[in-house]
There are 2 protein chains.
Amino acid sequence: MTQSNSPDPDQAMMVVRPGKWTLIVVRLLREETLRFNELKRYANGVSQKMLTTTLRELERDGFVTRTVFATIPPRVDYTLTALGQELLELADSWRVFAARNRAQVELARQRFDASVGQPAIRLIHSA
Amino acid sequence: MTQSNSPDPDQAMMVVRPGKWTLIVVRLLREETLRFNELKRYANGVSQKMLTTTLRELERDGFVTRTVFATIPPRVDYTLTALGQELLELADSWRVFAARNRAQVELARQRFDASVGQPAIRLIHSA
DNA sequence: CCGCATCCATTTTGATACTG
DNA sequence: CAGTATCAAAATGGATGCGG
């Protein structure tokens, strides 16, 4: 070993383990304040519950601010904080990585599934 | 909206959603080939099941190579591929982000838990 | 409109025992 | 040593109904 191993694997590594929607939401807030339902629309397929959960976590960790307007109907705005901007950069890094390597990863998967994944007796669930 | 929203949120965003140990393992393989039990030792607290799962996934996606030696006792080496090196950079980005902002995030959490966690008017549905 | 609560299904993670 | 199998527990995700 030439490097030091992480003494506290989970927390030390990521501070937070991003949920399924975390980075997506952060990227949607890139340069605009968005309302709850706007986020819900733009993030494709998120449930109300998960969006709420995601936003709460982001707020709790100081990545977004939540502004409530006591109007009728109510309105809640979400904005990235300075800290959130940094998380955004990370999110972009992932996005770039994904975009650049998706094809290669999927190829690797096909190869793997075709060889190792191949049980002695193949599943025959289709024509 | 000034940006386009992701049409395929999950896959498009990350290609893979890293498991709890994925980035840790990748970082351990930074510049050395490691054996299964070495990884198990250096990653703090991983079960052999999760390590196996993590390594299988990394292998499947083309991030690590798995080399089996038919010796007694058996020996299996894991190494980063070129693609894995790129994932390593991403892992390092997370690590740096975490290291630099952990304190701030934890402070934000304390503040949040101290205020929001306590509703102005406590719910009264119990004694 | 925002979002919490509840119930339920699925996924993920982990502890433990066993095998070549 | 390097796994697999099994079982149990916990986290996550979704559907629906209620409430300010």
Side-chain angles (χ1 to χ4, degrees), chain A residues 8-11 13-14 16-25 28-29 33-60 64-79 116-117 119-120, chain B residues 8-11 13-14 16-25 28-29 33-60 64-79 112 116-126:
Chain A
D8 185 350
D10 195 5
Q11 285 290 40
M13 189 64 213
M14 321 188 62
V16 293
R17 188 133 80 95
K20 189 173 175 181
W21 305 100
T22 307
L23 299 187
I24 293 166
V25 166
L28 285 173
L29 293 174
T33 290
L34 289 179
R35 300 179 56 173
F36 185 89
N37 273 355
E38 290 175 325
L39 282 168
K40 181 152 171 24
R41 262 196 309 279
Y42 302 151
N44 220 323
V46 67
S47 68
Q48 198 181 43
K49 176 188 170 183
M50 287 321 295
L51 183 54
T52 299
T53 304
T54 301
L55 287 167
R56 277 285 170 287
E57 223 182 83
L58 283 170
E59 188 197 0
R60 184 172 110 99
V64 307
T65 55
R66 178 171 176 271
T67 312
V68 181
F69 298 88
T71 56
I72 297 177
R75 166 185 172 174
V76 183
D77 282 357
Y78 294 92
T79 320
V116 181
Chain B
D8 185 351
D10 196 4
Q11 285 291 41
M13 189 66 212
M14 322 188 61
V16 293
R17 187 134 81 96
K20 189 174 174 180
W21 304 99
T22 307
L23 299 187
I24 293 166
V25 166
L28 286 173
L29 293 174
T33 290
L34 289 180
R35 301 177 56 171
F36 185 88
N37 272 355
E38 290 175 324
L39 283 167
K40 181 153 171 21
R41 262 195 308 279
Y42 302 151
N44 220 323
V46 68
S47 66
Q48 84 275 49
K49 178 189 169 181
M50 287 319 295
L51 183 55
T52 299
T53 303
T54 301
L55 287 168
R56 278 283 173 290
E57 223 182 82
L58 284 170
E59 186 196 2
R60 185 172 109 99
V64 308
T65 56
R66 177 170 177 271
T67 312
V68 180
F69 298 88
T71 56
I72 297 177
R75 166 184 172 174
V76 182
D77 282 358
Y78 293 93
T79 320
F112 184 92
V116 181
Q118 261 167 35
I121 301 160
R122 261 262 177 258
L123 290 243
I124 326 168
H125 53 28
S126 72

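Below, read A as the first sequence line, B as the second, and so on, with proteins coming before strands; counting in each chain starts at 1.
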Can you figure out which of C:dG14, D:dA2, C:dG3 approaches the side chain of B:Trp21 most closely? C:dG14
Out of C:dC4, C:dC1, C:dG14, which has the shortest distance to the side chain of A:Pro73? C:dC1
With respect to the side chain of A:Ser47, which nucleotide from D:dG3, D:dG14, D:dA2 is positioned closest? D:dG14
Given the structure, check if the side chain of A:Gln48 and the base of C:dC2 hold any donor-acceptor pair shorter than 3.5 Å. no
C:dG3 OP1/OP2 closer than 4.0 Å to side-chain N/O of A:Arg66: yes
Using a cutoff of under 3.5 Å, can you pull out all pairs of nitrogen or oxygen atoms linking the protein to nucleotides 9-12 of chain C, with atom names and distances?
none

Of the nucleotides D:dG20, C:dG20, D:dG13, which one has an atom closest to the side chain of A:Pro74? D:dG20
Look at all strands and tell whether B:Phe69 reaches a base, only sugar-phosphate, or nothing, counting heavy atoms closer than 4.0 Å. nothing
Check every atom of D:dC1, C:dG3, D:dT4 against the side chain of B:Arg35 and return the nucleotide holding the closest atom. D:dC1
Could you tell me if B:Arg75 sits above the aromatic ring of B:Phe69, with its cationic atom closer than 6.0 Å to the ring centre and no more than 45 degrees from the axis? yes
side-chain N/O A:Tyr78 vs C:dG3 OP1/OP2, d < 4.0 Å: yes
State which of D:dG13, D:dA2, C:dG3 makes the closest approach to the side chain of A:Phe36. C:dG3
